Amino acid sequence: MTSDKLYHDPELAAFYDIENGWTADSEYLKTMATGRTSILDLGCGTGLLAAALAQDGGKRVVGVDPAAPMLDIARQRPGGDRVAWIEGDARAVRLNETFDLILLSGHAFQVFLTREDQLAALRTIAAHLSPEGRFIFDSRNPVVTEWQEWTPVESERVIVHPKLGEVLAWNDVRHDPDTGVVEYDTFYRIAVDGRTFSARSKIAFPSYDDLASMIAEAGLVVDQWLGGWDGRPLEAATPEIIPIGRRL
Ligand SMILES: C[S@@+](CC[C@H](N)C(=O)[O-])C[C@H]1O[C@@H](n2cnc3c(N)ncnc32)[C@H](O)[C@@H]1O
């Protein structure tokens, strides 16, 4: 999990910000961070959100991610010098401090493939939440089976890399019905010379019931379940499962 080339290979990590920008999740989390002074971003990636939150000033923002190439990008972005970046694993990191907001964004929670790893990440949240602190993360709702759209035909897109020019990008996907784990490939073919970069990744799609029981087991309690970053409540077939909660 933590050595996924998509994040650990600098050439692939360089595509992350081209494909992922400031969207509804960032906006929701920015609003939620208002008035909070210490924020822990687990699986912070290239740090777009953490750096933006730190730019508000008066906040301590810590970003944790095991992928050095992602953190290299994070350090260099505007506001990157205001965040404490830590190369670490959200399952195991212990920082000896507490935070009044802990978040995992961009479906980072789904990189944890087993119940054991998911629980370990939740225990890290519990260990770092202040008594008044809140946590929030997103996980795609397995009921919606979004991965079915990650086929070569449906996912094909053209993107522009600042140094390499036009790039044809596509995905491919397999779902293991026994474990619920989705294995997907990401391909980038450079138009000018035909070079192709690729990575094979795995993510989990825990159900609402699994998430609810693990969150309780980790000593956390959920105040609100959202079903999307537009703030809609969770229902059976809403696209996201987003718990917002605190320490028990
Ligand atoms: C889909 S990206 C999300 C990045 C960022 N949160 C965002 O919203 O753009 C998933 C991130 O999880 C990170 N990751 C993988 N294993 C991890 C672990 N054990 N602990 C913390 N982060 C991890 C990856 O390196 C990657 O940066």
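Indexing begins at 1, ligand by ligand and atom by atom, following the structure's order. Keep in mind that what you see is a predicted model, and the values were worked out from it rather than measured.
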Between [Y] and [X], is there a salt bridge with N-O shorter than 4.0 Å?
X: Glu116; Y: Arg91; answer: no
X: Glu217; Y: Arg115; answer: yes
X: Arg36; Y: Asp100; answer: no
X: Arg200; Y: Asp4; answer: no

Partner residues of Thr23 under the side chain to side chain contact (heavy atoms under 4.5 Å, CB included) criterion, sequence neighbours left out: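 Listed in chain order: Asp25, Ser26.
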Does any N or O of ligand 1 fall below 3.5 Å from an N or O anywhere on [X], backbone included?
X: Tyr7; answer: no
X: Asp41; answer: no
X: Ala90; answer: yes

Would you call the rings of Phe109 and Phe112 parallel, tilted or perpendicular, where under 30° means parallel and over 60° means perpendicular? perpendicular
Once you measure the plane-to-plane angle for His161 and Phe15, does it fall in the parallel (<30°), tilted (30-60°) or perpendicular (>60°) bin?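 It falls in the perpendicular class, over 60°.
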For ligand 1, is any non-hydrogen atom under 4.0 Å from Cys44's backbone (N, CA, C, O), its side chain (CB onward), both, or neither?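 Just the backbone.
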Quick one: look at Asp89 and ligand 1, take heavy-atom pairs under 4.0 Å, and tell me if it's side chain, backbone, both or neither.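 Both parts.
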If you count the atoms of ligand 1 from 1 in the order shown, which ones are under 4.0 Å from a heavy atom of [X]?
X: Met70; answer: 27 (O)
X: Gly106; answer: 1 (C), 3 (C), 8 (O)
X: Val111; answer: 15 (C), 16 (N), 17 (C)
X: Ala67; answer: 25 (O)

For atom 2 (S) of ligand 1, which of the options Tyr16, Phe109, Phe137 provides the nearest non-hydrogen atom? Tyr16
Any idea which of Ser105, Pro66, Ala121, Ala108 brings a heavy atom closest to atom 17 (C) of ligand 1? Pro66
Just by distance, no angles: are the side chains of Glu27 and Trp22 close enough, under 3.5 Å, to form a donor-acceptor pair? yes
Using non-hydrogen atoms of the residue, decide whether Asp65 is closer than 4.0 angstrom to ligand 1. yes
With a 4.0 Å cut-off on heavy atoms, is His107 touching ligand 1? no
Looking at Ala90, is its backbone amide N or carbonyl O close enough to the side chain of Thr124 to form a donor-acceptor pair, meaning the two atoms are under 3.5 Å apart?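 Yes; judged by distance alone, with no hydrogens or angles, the pair exists.
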